[in-house]
Amino acid sequence: MIKGLFPIDKFKRLRTPFYYYDCDVIRNTIQEIKHWSSFSNYHIHYAVKANANERILACLANYGFGADCVSGGEIEASINAGFKSSEIVFAGVGKADWEIELALKNDISCFNVESLPELAVINNLACKHNKIASIALRINPDVDAHTHSYITTGLKENKFGFNLSKIDEAVDLIKKSSNIKLIGLHFHIGSQITDLTVFQHLCIRINDIQDSLEKQGIGVEHINVGGGLGINYQHPNHIPIADFEGYFKVFGSYLNLRPNQQLHFELGRSIVAQCGSLITKVLYVKQGEVKQFAIVDAGMTDLIRPALYNAYHHIENISSDGSIEEYEVVGPICESSDVFGKSVALNHTERGDLLAIRSTGAYGETMASRYNLRQLPSSFFSDEI
Ligand code: LLP
């Protein structure tokens with residue numbers, strides 16, 4: 001079994017569980033993205049929800065990414081980490097008034113608006129603060145992302161965005177509102193999309209929508225195609241970088257951008273997932289009737305993806321070279337869904353061994369909770385330990 005390279009001696013000094021971020025992986029990923037998206041009209045806003053660790057945010061701000069935020073907290077964290085306000089977009093179906101006001105005061109670049117009442121509230125608050133809010137309409141293109149139902153967002157009837165049938169009403173309202181300016185169209189159809197033809201369908205749908213809006217005399221400065229590019233959870237060692245070449249080429253080939261039109265992306269998972277591993281210690285190996293359980297000190301409070309989405313994460317015993325055996329890798333929480341992997345092939349495992357739960361840099365640390373009054377996991381970077 002090929003394993004990831006981990007500084008195991010250094011790990012032994014650290015209290016588990018913790019997230020470990022490999023700086024080489026993140027740097028290589030960023031270079032790959034820069035390489036395939038190096039057009040002056042392409043702008044990448046990192047989806048902060050994927051991982052809001054301060055060092056990750058600072059690193060991405062430093063490389064010139066913008067930020068895609070979904071809360072006031074994310075806007076504050078992004079500004080503190082060095083993202084320029086003029087490169088921040090703010091999305092979400094339920095923006096609270098204080099969050100809209102915070103965004104207005106900081107002159108962020110664009111609100112991705114998801115409903116008629118939200119348009120009205122942003123207009124009123126912008127008027128109160130004597131501002132003109134730039135907005136993009138989030139449109140539901142009704143494209144099936146072929147991904148997990150919990151992370152599919154572009155189908156007709158769901159809470160996100162405007163359905164195609166509501167666009168005319170939204171445009172009418174915008175025309176009547178003096179403190180909002182329509183500058184973009186926003187789309188996001190789902191997450192962990194590995195079939196790139198899905199993005200082709202998105203482009204074709206966007207082309208139709210742009211054509212019909214233009215017939216009504218409406219043109220926009222930018223198209224925002226959201227995020228969603230998937231990663232390879234099965235083989236993090238062999239395929240540590242997502243298919244950015246294929247991804248960016250789809251948009252180059254299929255999307256009809258107008259002259260001077262800007263293209264925005266909101267990638268999260270594909271930027272940070274593979275650089276992170278959750279490192280956890282085996283507390284007990286318990287023999288069941290037929291199964292053996294490796295009970296570890298990380299739980300669903302540290303990484304909820306397996307419990308919430310039945311998500312697969314590759315798991316390695318990084319302390320052992322023993323023969324391969326099967327284990328149920330489970331956490332200590334009093335919930336039967338607190339399972340990281342069933343029938344996991346691990347090198348012979350004993351109490352005290354360290355396991356690496358791979359590809360956890362996205363939606364791992366950010367989704368941690370304090371259920372059972374557990375401590376939040378800490379984090380370490382490869383260049384600091
Ligand atoms: N833009 C919008 C409007 C989004 O809703 C999302 C993710 C993104 C961008 C970033 O998508 P990404 O490139 O990361 O796929 N917790 C789930 C994922 C939820 C994604 C929510 N929206 C998971 O652990 O799989």
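Counting starts at 1 for both ligands and their atoms, in listed order.
- Shown in contact with Gly268 at under 4.0 Å from a heavy atom are these atoms of ligand 1, numbered in order with element: 12 (P), 13 (O), 14 (O).
- Remark: Asp211 CG is packed, more than 12 non-hydrogen atoms of other residues, nucleotides or ligands lying under 6.0 Å away.
- A donor-acceptor contact closer than 3.5 angstrom is absent between the side chains of His45 and Glu266.
- Lys181 NZ: 12 or fewer foreign heavy atoms inside a 6.0 Å radius.
- Residue Lys49 holds the heavy atom nearest to atom 4 (C) of ligand 1 of all those in Arg138, Lys49, Glu266.
- A cation-pi arrangement is not found for Arg269 relative to Tyr363, the charged atom failing to lie both closer than 6.0 Å to the ring centre and inside a 45° cone about the ring normal.
- Close contacts between ligand 1 and Gly227 involve ligand atoms 9 (C), 13 (O) [criterion: under 4.0 Å to a heavy atom].
- Within ligand 1, the atoms closer than 4.0 Å to a non-hydrogen atom of Met367 are 16 (N), numbered from 1 in the order shown.
- Using a non-hydrogen distance threshold of 4.0 Å, Ala50 does not register as a contact of ligand 1.
- Near Asp68, the atoms of ligand 1 lying under 4.0 angstrom from a non-hydrogen atom of the residue are 1 (N), 9 (C).
- Residue Leu267 approaches ligand 1 through these ligand atoms, each under 4.0 Å from one of its heavy atoms: 13 (O).
- Short contacts between ligand 1 and Gly228, defined as distances under 4.0 Å to a heavy atom of the residue, involve ligand atoms 11 (O), 12 (P), 13 (O), 15 (O).
- Around the NZ atom of Lys84, the shell of radius 6.0 Å holds no more than 12 heavy atoms that belong to other residues, nucleotides or ligands.
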Show me, pair by pair, the donor-acceptor contacts under 3.5 angstrom made by side chains of residues 5-17, not counting sequence neighbours?
unit_1 : atom_1 : unit_2 : atom_2 : d
Lys10  : NZ     : Ile385 : O      : 3.3
Arg15  : NH2    : Gln375 : OE1    : 3.4
Thr16  : OG1    : Asp297 : OD2    : 2.5

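- Residue Phe160 does not touch ligand 1, judged by heavy-atom distances below 4.0 Å.
- For atom 5 (O) of ligand 1, the nearest non-hydrogen atom from the set His188, Arg269, His45, Gln192 belongs to His188.
- A donor-acceptor pair shorter than 3.5 Å cannot be found between the side chains of Asn51 and Thr366.
- Not a single N or O atom of His186, backbone or side chain, sits closer than 3.5 Å to an N or O atom of ligand 1.
- Residues Ser38 and His35 share a closest heavy-atom pair of OG-O, 3.4 Å.
- Within the 4.0 Å heavy-atom criterion, neither part of Val70 lies near ligand 1.
- Less than 4.0 angstrom separates some heavy atom of Ala47 from each of these atoms of ligand 1: 10 (C).
- The side-chain hydrogen bond (donor to acceptor under 3.5 Å, both in side chains) check on Glu54 picks up nothing, with sequence neighbours excluded.
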